[in-house]
Amino acid sequence: MEDFASKQVTENLDEPPNSRLFIVTCRSMSEDVIKDTFAVFGDIQAVWVVKDKQTKESKGVSYVKFAKSSQACLAMEEMHGKVVIEGTKPIKVFIAQSRSSGRHRDVEDEELTRIFVMIPKTFTEDDLKETFKEYGDIEYCVIIKNKFTGESKGLGYVRYYKPSQAAMAIENCDRGYRAILAEPRSKTNSAEGEYAGGGGGGGAGARFDQHGGDNMNPYPFAPMGADPGNYQMADYRSSDVMTRCLMLSSRAAVTQEQVYALFDIIPGMDYCELQRDAYGLSKGHAVIRYNNLGSAVYAKEKLSGFEYPPGNRLALSFIDDGDDRNSPVGRMAMQFVAAQMMSTLWNGPSGNQLLKTATSFPGAPAAPRIQADLSLPAIKKLAPQDSKVKERLFVVFSPSPLSMDVLEDVFCRYGSLIEVHLVPGRKVGYMKYADKQCADDAMAALHGHMVNGVRMKVMLADPPREESHKRPRTY
DNA sequence: CGACGGGACGC
DNA sequence: CGACGGGACGC
């Protein structure tokens, strides 16, 4: 059983971390004595006495590999400074530097006694201490908090008195705490500049920043304070003249295909082209022409202020295509009638609410904020939040993700949807279903289709990586 | 192409 | 002061 086959040992030398001892002995200490001395502390996987290549005499240095870090630490704590052979110097015992680290500095207790854990945000430092004291006496506990609000970041440090205690905590505490050895404070962390002042989650923060940028340059149709939703009427109050031709202004880069797909949802588009500069780059402007006034008026009303991609409010204005020259008064009247007619035809009496970002409420008539290239069934109730997930769909969005509420609105319509999960910073998401057939139906119906100008690939998700017993996230 | 599960301390 | 051997699966 103790066949220290050499090759296996080399590969597992630093696995798990800190499970190997570096021992300084007198030169007469044999491998057998070392083995017998240290076997009482745990499962020894290898013993190696370093010898001079020529004389084959011991250099007074040995390595002992244990199965666990806690065993190695315990052996170190118990044996360091002990006289093993009467009349010789006491031995020195350290945790060996990992072979790949290349340096030979002693590993100090400082580096082995403090652990770093993820905890519920509701945890106090007393809770932390109560949770981790079973592995050994705790010198102190600290929870990382937001400096301004005092809110816990869900991260904590626990300092033990002995390396074996920290190792026991790491080995035996609930995996949900994700306990690891803490990096010593002294060494200045590189790559910190990026996170200056920010606080947590990069993706969400970045998106907020973008919204902030928008707010610096408010559009007239996207009022920030009270009285949202009257931007549609601006045209009737202004001297702007309605035409069949629209100019799109987008702050974010958009492609020809995106603009085409978005405006083609409204029937009657007969021309759509991005304006490009001398270098062929998009200037964020596009011209869209419809073959009838009603469609153009409708497009302007409903897509002005629409977020595409999310966070980027589109601006639309009528432009003169040089055609359409009738008597101004008669034209205005005709256009107004056309607009009213289109609005009623498409949306019913409450058409002006289209494309607002209000969340849908089950039971109410389908909120007319979804533009899709397929006919969607009616909204269905979500499955209870604690339903067992029977199937997950993996959805890829192009060119950018849809919002959570739009996705919920669309993917709930095939039944049993439990939850929408968007992966922050990525253009993918997961839809959890309580019924396999419903998930299959949703996939069959929605794969390859377009919602609010966003193309979706809808596939069965790969099974999640099984990590046996993960504590439910509470933070 | 397009994948979930994370992470750092005012000395 | 006191830091890294021996040997080599089978695609």
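Every chain is numbered from 1 and lettered A, B, ... according to where its sequence line falls, protein lines coming before strand lines. For the numbers below, each heavy atom of this structure counts, side chains included, while hydrogens, waters and symmetry mates do not. Note that the coordinates shown come from a computational prediction; the quantities given were computed from them, not determined experimentally.
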Stacking check [X] vs [N] (5.5 Å / 30 deg):
{"X": "A:F22", "N": "C:dG2", "value": "no"}
{"X": "A:F394", "N": "B:dA3", "value": "yes"}
{"X": "A:Y157", "N": "B:dC9", "value": "yes"}
{"X": "A:Y430", "N": "B:dA3", "value": "no"}

Using 30° and 60° as the class boundaries, would you call the ring planes of A:Y430 and A:F394 parallel, tilted or perpendicular?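 The arrangement is tilted - the two ring planes meet at 30° to 60°.
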Could you pull out the closest heavy-atom pair between A:D373 and A:H449, with the gap in Å? OD1-ND1, 3.0 Å
Give me the atom names and distance for the closest heavy-atom approach of A:A439 to A:L393. O-CD1, 3.6 Å
Does [X] have a side-chain nitrogen or oxygen under 4.0 Å from the phosphate oxygens OP1 or OP2 of [N]?
{"X": "A:K147", "N": "B:dG10", "answer": "yes"}
{"X": "A:R426", "N": "B:dA3", "answer": "yes"}
{"X": "A:R392", "N": "B:dA3", "answer": "no"}

A:I180 side chain, from C-beta outward: closest of C:dG2, B:dG2, B:dA8: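 Closest of the options to the side chain of A:I180: B:dA8.
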When you get a sec, tell me which of C:dC4, B:dA3, B:dC11 is the closest nucleotide to the side chain of A:R185? B:dC11
Euclidean distance, atom [atom1] of residue [X] to atom [atom2] of [N] [Å, nearest integer]:
{"X": "A:E183", "N": "B:dC9", "atom1": "CD", "atom2": "P", "answer": "12 Å"}
{"X": "A:E125", "N": "B:dC9", "atom1": "CD", "atom2": "C1'", "answer": "12 Å"}
{"X": "A:I143", "N": "B:dG7", "atom1": "CD1", "atom2": "C1'", "answer": "15 Å"}

Any N/O donor-acceptor pair, A:R20 side-chain to C:dC4 base, under 3.5 Å: yes
Six-ring centre of A:Y157, A:R114 cation under 6.0 angstrom, axis tolerance 45°: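 Flagged: A:R114 positioned over aromatic ring of A:Y157.
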Between A:K457 and A:K145, name the one whose nearest nucleotide on DNA chain B is closer to the 5' end.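 The residue mapped nearer the 5' terminus is A:K457.
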